Q: 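Here it is, the structure in full.
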Amino acid sequence: MPNFADFDTRHYRTVDVATGYDGWSSTYEDSVLDAMDLALLEGLAHPDWAAVRRAADLGCGTGRTGAWLRGRGVARVDGVDLSAGMLKLADARGAHDSLTQGDVRASGLSEGAYDLVIASLIDEHLPDLAPLYAEARRLAAPGGTFALVAYHPQFMMVSGMPTHFTDDAGEDVAITTHVHLLSDHVRAALAAGWRLAELSEATVDDDWVAAKPKWERFRGHPISAALVWDLPA
């Protein structure tokens with residue numbers, strides 16, 4: 001697995017995940033574009049979102065993904081996140097049936113209870129992907145699906161940009177960031193018993209450059225990826 005420190009061009013002060021997302025929570029909604037994650041989910045051919053009865057939203061954050069799932073007819077959504085600040089905003093949003101403060105690798109949610117497990121923009125904070133894929137496998141019912149949206153490793157290496165936010169004092173602060181190649185995802189998923197159903201990648205396009213003009217030099221580079229995994233019924 002590549003070491004992000006070898007690519008880091010920003011060298012921001014770095015904080016742990018809970019501290020970082022607590023600090024970012026008040027401005028998170030203003031700084032993450034739907035093109036990064038929700039647009040990728042929208043374009044997937046699988047699963048049939050409306051047929052999902054119960055979803056586990058790992059790393060639920062402010063509730064963006066949960067609200068998106070509700071808008072597509074998902075009956076029940078249970079969320080887990082490490083950050084109290086993010087959970088407070090998710091609770092105010094009201095898209096989840098339950099919210100739990102905890103680690104996505106040991107969520108405490110019920111085993112085998114979910115026909116969909118979903119995780120968006122969290123894997124770069126984990127030093128090892130295996131526990132995440134194993135937990136998703138534990139939570140999923142037979143025939144279940146695991147949908148994961150990831151910050152694309154190629155973009156992280158080309159840009160040298162960690163996941164980061166600007167704090168109340170105006171300082172740019174990085175949140176612990178790891179690079180996981182797509183092959184790392186495949187290896188961890190297969191070891192946990194998943195089989196790949198779909199892979200979709202988003203690139204830096206006109207909309208991205210309009211939002212972030214300095215990213216013109218990244219035009220055409222992949223920026224995020226959605227991986228969809230299935231279990232045998």
Side-chain angles (χ1 to χ4, degrees), residues 32 34-82 86-87 90-91 93-126 129-151 180 182 185-186 188-202 224-233:
V32 176
D34 288 354
M36 179 70 87
D37 54 349
L38 300 184
L40 263 178
L41 294 174
E42 190 74 52
L44 293 173
H46 179 76
D48 177 1
W49 304 105
V52 174
R53 296 162 299 168
R54 190 170 183 181
D57 184 7
L58 302 182
C60 64
T62 61
R64 290 172 67 251
T65 303
W68 186 90
L69 291 171
R70 287 292 202 189
R72 273 128 200 96
V74 175
R76 179 183 176 92
V77 185
D78 297 320
V80 177
D81 201 277
L82 201 58
M86 299 292 267
L87 286 170
D91 185 50
R93 187 173 231 134
H96 294 84
D97 293 276
S98 73
L99 289 167
T100 302
Q101 185 172 5
D103 193 314
V104 298
R105 297 165 293 187
S107 68
L109 297 178
S110 298
E111 182 172 349
Y114 298 92
D115 42 11
L116 172 68
V117 181
I118 192 165
S120 185
L121 305 179
I122 64 167
D123 70 286
E124 77 268 23
H125 301 307
L126 303 175
L129 293 175
L132 173 63
Y133 278 97
E135 177 65 358
R137 175 65 181 85
R138 186 187 71 81
L139 295 175
T145 297
F146 180 31
L148 182 144
V149 180
Y151 189 12
H180 300 295
L182 296 183
H185 284 274
V186 171
L190 294 179
W194 294 102
R195 59 189 183 189
L196 184 63
E198 187 171 357
L199 169 62
S200 180
E201 295 167 289
S224 56
L227 300 97
V228 181
W229 307 90
D230 278 341
L231 291 176

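The structure displayed is predicted, hence computed values, not measured ones.
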Q: For the CD1 atom of Ile122 and the CG atom of Asp37, what is their distance to the nearest 0.5 Å?
A: 12.0 Å
Q: Could I get the full list of side chain to side chain donor-acceptor pair (under 3.5 Å) partners for Ser107, not counting sequence neighbours?
A: Glu135
Q: Output the distance between atom OG1 (Thr145) and atom CG (Asp48), rounded to the nearest 0.5 Å.
A: 10.0 Å
Q: Closest heavy-atom contact between Leu231 and Gly193?
A: CD2-O, 3.5 Å
Q: Kindly indicate, with the supporting measurements, whether the criterion side-chain contact (heavy atoms from CB on, under 4.5 Å) is fulfilled by Leu132 and Val104.
A: CA-CA 7 Å; Leu132 173 63; Val104 298; 4.1 Å; yes
Q: Any chance you could lay out the side-chain contact (heavy atoms from CB on, under 4.5 Å) test for Thr100 and Asp78, step after step, and finish with the verdict?
A: CA-CA 8 Å; Thr100 302; Asp78 297 320; over 6 Å; no
Q: Test of understanding: with salt bridge (Lys or Arg N to Asp or Glu O under 4.0 Å), list the residues that count as partners of Asp230, not counting sequence neighbours.
A: none
Q: If I compare all heavy atoms of Gly63 with all of Ala90, which pair ends up nearest, and what's the gap?
A: N-CB, 3.9 Å
Q: Just one of Thr65, Val77, Val80, Leu87 clears the side chain to side chain contact (heavy atoms under 4.5 Å, CB included) bar with Cys60, so which one?
A: Leu87
Q: Only counting residues at least two apart or in another chain, list the ones meeting side-chain contact (heavy atoms from CB on, under 4.5 Å) with Ala202.
A: Leu40, Ile223, Ser224
Q: For Ser110 versus Arg138, what's the shortest heavy-atom pair and its separation?
A: C-NH1, 4.2 Å
Q: Give the intermediate values and the outcome of side-chain contact (heavy atoms from CB on, under 4.5 Å) for residues Met36 and Ser120.
A: CA-CA 10 Å; Met36 179 70 87; Ser120 185; over 6 Å; no
Q: Measuring from Arg105:CZ to Leu129:CG, what's the distance to the nearest 0.5 Å?
A: 10.5 Å
Q: Give, for atom CG of Leu58 and atom CG of Asp103, the distance between the pair rounded to the nearest 0.5 Å.
A: 10.0 Å
Q: With sequence neighbours excluded, what pairs up with Asp91 under the side-chain contact (heavy atoms from CB on, under 4.5 Å) test?
A: Leu99
Q: Could I get the full list of side-chain contact (heavy atoms from CB on, under 4.5 Å) partners for Leu44, not counting sequence neighbours?
A: Leu41, Trp49, Glu198, Ser200, Ala226, Val228
Q: Looking only at heavy atoms, what is the nearest atom pair of Leu199 and Ala225, with distance?
A: CD1-CB, 4.5 Å
Q: Provide the closest heavy-atom pair for Gly66 versus Ala95 in the form atom of the first, atom of the second, distance.
A: C-CB, 3.7 Å
Q: With sequence neighbours excluded, tell me which residues meet side chain to side chain donor-acceptor pair (under 3.5 Å) with His96.
A: Asp57
Q: To the closest 0.5 Å, what do you measure between CG (Leu121) and CG (Leu38)?
A: 8.5 Å
Q: Which pairs, with at least one residue in residues 106-121 and sequence neighbours excluded, count as a salt bridge (Lys or Arg N to Asp or Glu O under 4.0 Å)?
A: Arg53-Asp115
Q: Tell me whether Asp34 contacts the main-chain N or O of Ala39 through its side chain, where contact means a donor paired with an acceptor under 3.5 Å.
A: no
Q: Under the ring pair (Phe, Tyr, Trp, His ring centres under 6.0 Å) test, which residues partner Phe146, sequence neighbours left out?
A: Tyr133, Trp194
Q: Using a 4.5 Å cut-off on heavy atoms from C-beta on, say whether the side chain of Ile118 contacts that of Leu69.
A: yes
Q: Does Thr62 have any side-chain contact (heavy atoms from CB on, under 4.5 Å) partners at least two apart in sequence or in another chain, and if so, which?
A: Tyr28, Glu29, Arg64, Met86, Leu89, Arg93
Q: Go through Asp123 and His185 one step at a time and tell me if the side-chain contact (heavy atoms from CB on, under 4.5 Å) criterion holds.
A: CA-CA 10 Å; Asp123 70 286; His185 284 274; 3.3 Å; yes
Q: So, using side chain to side chain donor-acceptor pair (under 3.5 Å) as the criterion, who are the partners of Glu42 when residues are at least two apart?
A: Trp68, Arg72
Q: Indicate the atoms forming the closest heavy-atom contact of Ala113 with Arg54, along with that distance.
A: O-CD, 3.5 Å
Q: Asp97: what forms a side chain to side chain donor-acceptor pair (under 3.5 Å) with it, not counting sequence neighbours?
A: Arg70
